[in-house]
Each structure stands twice: as structure tokens, then as C-alpha cells.
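The basis for the numbers below is simple: all heavy atoms, side chains too, and nothing from hydrogens, waters or symmetry mates. The sequence lines fix the lettering, A, B, ..., with proteins before strands; numbering per chain opens at 1.
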Number of protein chains: 2
Amino acid sequence: MTLKLDKVNRGPHLSTLVASSISREIAQGRLKPGDQLPTEQALATTFGVSRNVVREAIARLRSEGRIWSQQGRGAFVADATNATVLTIDYETLQRADSFRNLFELRGMLEVQIAALAATRRSDADIVAMEQALDGMRMAPYGSVAWLKNDLGFHRAVADATQNPYMGQFLVFVSERVRESILAAGNQQKSDDMARTTLGEHERILAAIKAGDAKGASAAMTRHLAGAASRVGLPGGDAEAASPTRHSRLRKAVRGRAG
Amino acid sequence: MTLKLDKVNRGPHLSTLVASSISREIAQGRLKPGDQLPTEQALATTFGVSRNVVREAIARLRSEGRIWSQQGRGAFVADATNATVLTIDYETLQRADSFRNLFELRGMLEVQIAALAATRRSDADIVAMEQALDGMRMAPYGSVAWLKNDLGFHRAVADATQNPYMGQFLVFVSERVRESILAAGNQQKSDDMARTTLGEHERILAAIKAGDAKGASAAMTRHLAGAASRVGLPGGDAEAASPTRHSRLRKAVRGRAG
DNA sequence: TCAATCAGGGTTGTATGATAACACGACAAG
DNA sequence: CTTGTCGTGTTATCATACAACCCTGATTGA
């Protein structure tokens with residue numbers, strides 16, 4: 001509760017600043033689970049805002065499961081596991097290792113998603129992937145349309161698992177990865193990259209189309225390694241999360257609908 | 001915008017009801033991305049609440065990335081990919097296939113997390129796992145303390161990957177799995193289950209301790225298959241997400257090897 | 001003594017009105 | 001056609017008031 005908000009800072013809403021400020025107090029342990037927050041009035045005066053703004057901030061934290069409040073008593077910090085939403089604040093996203101870690105997590109998900117998609121994909125899923133691929137072919141590399149279709153392809157692969165949470169999680173992680181790339185700001189593009197990336201996508205699609213789970217995850221692993229190197233990351237990390245290292249244990253998974 | 005809130009309903013906050021109501025409008029497609037929401041005043045009158053309540057609801061939706069607003073213009077529905085937080089509402093959680101899908105996602109994460117943990121774990125990570133295991137041994141099966149230490153063990157494994165997002169995601173998914181179990185309400189417990197579960201954990205720990213990535217993921221796969229059957233799910237589902245999909249191996253494992 | 005009741009202050013939940021900041025179109029002046 | 005101004009509508013914020021509720025402690029009654 002030390003931060004005094006500066007009115008000159010007129011970027012985000014005041015309630016956002018208050019919320020992230022309280023959030024930081026919790027994350028850094030100055031407010032522990034079970035602790036009672038200062039009263040809304042007290043928060044309003046310490047932050048130099050109206051009680052209304054404080055209430056909007058608290059409503060936000062409450063919806064995230066970070067705090068809970070009871071009329072007549074006050075607001076209290078909730079247990080960490082009570083968090084009902086998963087959020088990565090921009091501050092964390094900017095840390096140097098954030099990109100690497102997020103990329104690793106995404107690789108973990110995506111390599112297995114590709115394998116599962118190969119065994120479960122429907123014809124409609126294939127069509128969605130091909131449409132996204134066409135969208136990438138027509139857009140310039142790195143453009144908004146390109147990125148949109150790139151994400152759309154990966155989303156289509158995830159949806160082919162017939163598990164809606166796969167797509168939800170993958171898109172979330174992928175968006176965070178993209179943001180952390182922007183935060184780092186180190187990216188160069190070339191026509192060669194476009195061709196390479198498209199080829200990687202095509203190989204993924206071919207494997208999924210053929211119902212080849214092993215081939216799909218392998219193609220995805222290669223794609224992620226390539227993507228890693230394209231944004232200046234040693235490609236070995238994506239592979240560490242891939243099942244390729246357990247290849248002896250795996251068998252070719254029988255395809256379903258041909 | 002058809003719902004008229006009933007004041008008699010005094011469970012959650014009014015802002016929560018308004019937020020979920022608008023949220024539903026978006027989810028069901030009656031409000032599409034780019035659409036402008038009614039003015040705060042209009043929402044207030046249609047919902048029969050004060051403008052203050054509407055603002056708290058909007059603050060919440062804005063923090064979730066579902067809408068964005070600009071002073072002097074209005075509030076607009078954001079693109080689906082703009083979601084800055086990952087949230088699974090209780091309504092979705094109650095659906096019959098939710099548990100199965102979440103369990104599959106968790107398995108995907110956890111099996112690879114186990115392998116990665118085996119190659120990266122520090123001594124402190126091992127200590128944390130052993131502490132959680134001790135906590136499980138002393139608590140009655142299914143008790144709050146037991147569940148807490150169970151989650152603690154899996155969290156310790158995830159933290160052993162030295163990637164903070166692993167634990168963050170795993171805990172989030174695990175909590176949703178637990179909630180969906182509670183929503184389904186089908187669980188029976190026995191002392192035998194406690195012993196079996198503990199044994200599964202011990203084998204995971206042993207493999208991680210030995211730095212055996214292959215063994216760790218295999219042990220985790222077995223554990224998840226066992227956990228699935230304990231909550232009345234065909235164990236094959238967890239296996240579908242694991243890289244050790246191998247029916248012969250599974251047969252050999254059945255009946256507590258090692 | 002002990003238990004029940006009640007009054008009071010403090011806190012959150014909600015309502016209401018007002019003002020500032022901003023966006024946008026209409027409209028007149030050049 | 002361009003530009004500047006103004007009026008209107010909307011969000012962002014402030015300030016105040018009241019209702020609902022919790023907690024505590026005093027009062028009361030047995």
C-alpha cells in the first residue's frame with residue numbers, strides 16, 4: 001500500500017492501476033492469504049482516488065479469485081490455489097526468461113496436441129487447417145493477416161483433438177509468447193523465412209491428414225525448433241519438451257477416419 | 001440484454017450477475033466482436049441496477065480482455081484471442097465431458113513435466129516432494145490435508161522443471177479438475193486407494209530422483225491412469241495423451257509392479 | 001453468575017447526482 | 001474543399017448518502 005498513484009499517468013484506467021498495485025502486494029508477500037485488506041475508504045485515500053475506483057479494482061480482484069469480501073466485515077486475501085483465472089501480468093512477461101519458459105510450455109502442449117490431432121481429426125478440421133494455410137500464403141510474412149492465420153492454423157490443429165480446452169490453452173499461451181516477443185523486440189524477417197515456415201506447416205498438415213501421430217509430433221517439433229531459431233532462441237529447448245526422446249516407447253498410432 | 005435481474009437473488013454481487021450476463025451474450029453470439037455495447041446508463045436501466053454496478057461489471061470484463069472501452073466512445077466486444085486471462089466458468093465446468101477433457105489436458109502437461117523434472121530437479125526440489133509425500137502419509141485419504149499435499153507434490157514436480165509457468169498452469173488445471181470432480185460428485189474412497197496412490201507417487205519420486213526421464217513419465221502415466229479409474233473414468237483416456245502409449249507396457253504394469 | 005437482547009459504530013453493497021475528459025458529427029467561415 | 005468551432009453523447013471519476021450486515025460491548029433479565 002505504499003504506491004501513490006500519479007494522475008499524470010493517464011494510460012490505463014485508475015482502477016487497473018489500483019488492482020495491479022494490490023495484486024503486487026499479494027504476489028510479493030506483503031499481503032498474505034487470510035490478511036485483511038485496508039478498508040475501501042482507506043485504500044481510496046492512500047491511492048488518492050475515489051472509493052468508486054477502489055471498488056472497481058476490488059471487483060476485478062474478486063473475480064480473479066485473489067480476494068474475497070463480505071459485507072460488513074471487509075476484504076481478505078484468498079489462498080493462492082483459489083485463483084479462478086490464469087493470468088500473466090505484463091511485468092512478468094517482460095522478464096528475460098519469460099519468453100523461453102513460455103515457449104517451452106507451448107512446445108510441450110503443441111507437440112502432443114499434434115499427435116492427438118492426427119488420431120482424432122475430422123474432415124472439417126482438415127479444411128480449417130487448409131484455409132488457414134491459404135491465408136498465410138496470401139499474406140506477407142509477419143503481417144497481421146499472416147500472424148492471424150498462423151495462430152488460426154495452430155488453433156485448428158488443437159481443435160482437431162476434439163478437446164476444447166486444448167485450443168483455449170494453446171491460444172492463451174501462444175498470445176503470451178507473441179507478447180513476450182514484442183516485449184523483447186528482437187525479430188527480423190525475410191522471404192526465406194516465409195517459405196520455410198509454410199513448408200513446416202505443410203508437413204504438419206500432411207502428417208495429421210495421414211493420421212500419422214508420430215510424424216505429426218515430429219513435424220511440430222521441427223516447426224517449433226525452427227520458430228525458436230527464427231526469434232533468436234537456441235532450438236534445443238523445444239526438443240527437450242518433445243516426446244521424441246521417448247521414441248522407442250512409442251508406437252505408430254493407428255489412424256481413425258481416413 | 002434481455003435479462004432483468006431479480007433483487008431477491010442475493011447470493012453473488014450484482015456486478016457479478018451483470019458481468020456473467022453480458023458474458024453470456026458474447027459467448028452465445030448475440031454480441032459479436034466489434035459490436036458496441038449499450039451505454040452504461042442503458043445497461044443500468046435494463047438490468048435495474050445503478051450505473052456503478054454496471055461499471056464494476058465492465059471493469060471485470062475489461063480485465064478479462066472480453067471487452068475494451070474508450071472514454072467518449074463506448075465499450076466494444078473484443079476479439080476472442082484478446083483474452084488476457086484464462087478462465088473456465090462454472091457453467092462450462094459442470095458439463096459432462098468437461099472433466100474428461102480437463103483430465104486429458106492435465107495428463108498431457110504432467111507426463112512431460114515429469115520427464116523434464118527428472119533431468120532438471122535440484123536437491124531442494126526433491127526435499128519438497130518428500131515433504132509433500134510425508135504430508136500425504138499422515139493425512140487420511142481424501143481429507144483436505146491429503147488433497148493439499150497431493151497437489152503440493154505435483155506442484156513440486158512441476159517446479160522441478162525450473163520453469164515457473166509449468167507449476168502455474170498445472171495448479172490451475174488441477175484445481176479445475178478437482179472442481180469438476182466435485183461438480184460430478186461421484187467419488188468413493190477406501191484405504192486401499194490411499195496405499196495405491198502413495199505407491200504411485202513414490203515411484204514417480206524415485207524416478208525423478210534417479211534422473212530417469214523415461215521412468216518418470218511412465219510412472220506419471222500410470223499414476224494418472226490409476227487416478228482416472230479411481231474417479232470412475234476409463235483409464236485409457238489419460239494414456240491417449242501420454243507419449244508412452246503402449247498397450248503391452250500397460251499390461252505389464254497392471255498389478256503394482258515394483 | 002450467566003445468557004439473551006439490544007444499541008452503536010464500522011464496513012461493504014448500492015444508488016444517485018455531478019463534473020471532467022474525450023469522441024464525433026454538424027455547421028459555418030475561409 | 002478544408003478548417004475551426006461548437007454541441008451532444010459517452011466514458012471516467014468524484015462525492016455523498018443510505019441500506020445491509022458484522023462485530024463488540026453494554027444492558028437487562030433470570
Side-chain angles (χ1 to χ4, degrees), chain A residues 1 3-22 25-26 31 34-78 82, chain B residues 1 3-22 25-26 31 34-78 82:
Chain A
M1 291 322 121
L3 180 60
K4 175 78 171 177
L5 296 181
D6 191 356
K7 296 263 182 141
V8 178
N9 187 347
R10 280 312 181 118
H13 298 177
L14 289 182
S15 62
T16 302
L17 297 179
V18 173
S20 54
S21 193
I22 296 176
E25 300 280 330
I26 296 174
L31 278 173
D35 283 0
Q36 181 167 8
L37 270 70
T39 68
E40 294 179 349
Q41 192 57 259
L43 287 171
T45 58
T46 55
F47 283 118
V49 297
S50 82
R51 193 182 147 219
N52 214 311
V53 169
V54 171
R55 279 196 60 80
E56 285 181 22
I58 286 184
R60 173 173 169 169
L61 294 173
R62 195 172 38 223
S63 85
E64 293 175 359
R66 285 193 159 85
I67 68 175
W68 59 275
S69 58
Q70 189 179 358
Q71 183 173 157
R73 290 225 301 156
F76 303 85
V77 180
N82 280 39
Chain B
M1 291 317 126
L3 180 59
K4 174 78 175 179
L5 296 182
D6 190 357
K7 295 264 184 141
V8 178
N9 187 345
R10 279 316 182 116
H13 297 177
L14 290 182
S15 62
T16 302
L17 297 179
V18 172
S20 55
S21 193
I22 297 176
E25 299 281 330
I26 296 175
L31 278 174
D35 283 0
Q36 181 167 8
L37 271 69
T39 68
E40 296 179 349
Q41 192 57 271
L43 287 171
T45 57
T46 55
F47 283 119
V49 298
S50 80
R51 193 177 151 228
N52 213 313
V53 170
V54 172
R55 279 197 59 80
E56 285 181 20
I58 287 185
R60 175 174 166 167
L61 294 172
R62 194 172 39 221
S63 86
E64 293 174 0
R66 285 192 158 86
I67 67 173
W68 60 275
S69 60
Q70 188 178 0
Q71 183 173 155
R73 289 226 299 158
F76 304 84
V77 180
N82 280 38

(message) Checking B:Gln70 now: which residues fulfil side-chain contact (heavy atoms from CB on, under 4.5 Å) with it, not counting sequence neighbours?
(response)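 B:Gln70 satisfies side-chain contact (heavy atoms from CB on, under 4.5 Å) with B:Trp68, B:Arg73 only.
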(message) Run the side-chain contact (heavy atoms from CB on, under 4.5 Å) test against A:Ser69 and tell me which residues pass, sequence neighbours left out.
(response)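 For A:Ser69 the side-chain contact (heavy atoms from CB on, under 4.5 Å) partners, ignoring immediate neighbours, are A:Arg62, A:Ala75, B:His13.
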Between N or O atoms, less than 3.5 Å apart, protein on one side and nucleotides 6-8 of chain C on the other: list the pairs.
none

Whole angstrom value for the distance that separates [atom2] of [N] from [atom1] of [X]:
{"X": "B:Phe47", "N": "C:dT14", "atom1": "CZ", "atom2": "C1'", "result": "16 Å"}
{"X": "B:Asn52", "N": "D:dA19", "atom1": "CG", "atom2": "C1'", "result": "15 Å"}
{"X": "A:His13", "N": "D:dC14", "atom1": "NE2", "atom2": "P", "result": "13 Å"}
{"X": "B:Arg60", "N": "C:dG13", "atom1": "CZ", "atom2": "P", "result": "13 Å"}
{"X": "B:Glu56", "N": "D:dA12", "atom1": "CD", "atom2": "C1'", "result": "14 Å"}
{"X": "B:Gln41", "N": "C:dA15", "atom1": "CD", "atom2": "P", "result": "12 Å"}
{"X": "A:Leu14", "N": "C:dA20", "atom1": "CG", "atom2": "C1'", "result": "13 Å"}

(request) Give the minimum heavy-atom separation between A:Ile67 and A:Val77, together with the two atoms involved. (result)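 Closest approach of A:Ile67 to A:Val77, heavy atoms only: CG2-CA, 4.3 Å.
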(message) Tell me the closest heavy-atom pair linking A:Ala19 and A:Ala57, and the distance in Å.
(response)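 Looking at all heavy atoms of both residues, the shortest contact is N-CB, 3.7 Å.
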(message) Going by the rule side chain to side chain donor-acceptor pair (under 3.5 Å), which residues pair with B:Thr16 if we only count those two or more places apart in sequence or in a different chain?
(response)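 In terms of side chain to side chain donor-acceptor pair (under 3.5 Å), with neighbours along the sequence ignored, B:Thr16 is linked to B:Arg60.
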(message) For B:Ile22, run the side-chain contact (heavy atoms from CB on, under 4.5 Å) check against B:Val54, B:Leu61, B:Leu17 and tell me which one passes.
(response)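 Going through B:Val54, B:Leu61, B:Leu17 one by one, the side-chain contact (heavy atoms from CB on, under 4.5 Å) with B:Ile22 is satisfied by B:Leu61 alone.
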(message) Quick check for you: among C:dT12, D:dA12, C:dT16, whose closest atom lies nearest to any side-chain atom of B:Arg55?
(response)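 Ranking C:dT12, D:dA12, C:dT16 by closest atom to the B:Arg55 side chain puts D:dA12 first.
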(message) Near DNA chain D, counting only heavy atoms under 4.0 Å, which residues of residues 62-70 of chain B show up?
(response)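 Per residue number, the list reads B:Arg62, B:Ser69, B:Gln70.
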(request) Measure the CD1-CG distance between B:Ile26 and B:Leu37 for me, rounded to the nearest 0.5 Å. (result)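 Here the interatomic distance stands at 6.5 Å.
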(request) Kindly compute the distance separating OG (B:Ser21) from CG (B:Leu43), expressed to the nearest 0.5 Å. (result)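 B:Ser21 atom OG to B:Leu43 atom CG measures 9.5 Å (nearest 0.5 Å).
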(message) Tell me whether the side-chain N or O atoms of B:Arg51 pair up with the base of C:dG17 as donor and acceptor below 3.5 Å, since no angle test is needed here.
(response)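 Side chain to base: no pair present.
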(message) Taking 4.0 Å as the cut-off, does a side-chain nitrogen or oxygen of B:Ser50 come that near to OP1 or OP2 on C:dT14?
(response)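 Checking C:dT14 against B:Ser50, no side-chain N or O comes under 4.0 Å of OP1 or OP2.
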(request) Applying salt bridge (charged side-chain N to carboxylate O under 4.0 Å, His left out), name anything that partners B:Arg55, two or more places apart in sequence or on another chain. (result)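 With neighbours one apart ignored, the set is A:Glu56, B:Glu40.
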Please write out the pairs of protein N or O atoms and N or O atoms of nucleotides 3-10 of chain D separated by less than 3.5 Å, giving the distance to one decimal.
unit_1	atom_1	unit_2	atom_2	d
D:dG9	N2	B:Gly72	O	3.1
D:dT10	O2	B:Gly72	N	3.4

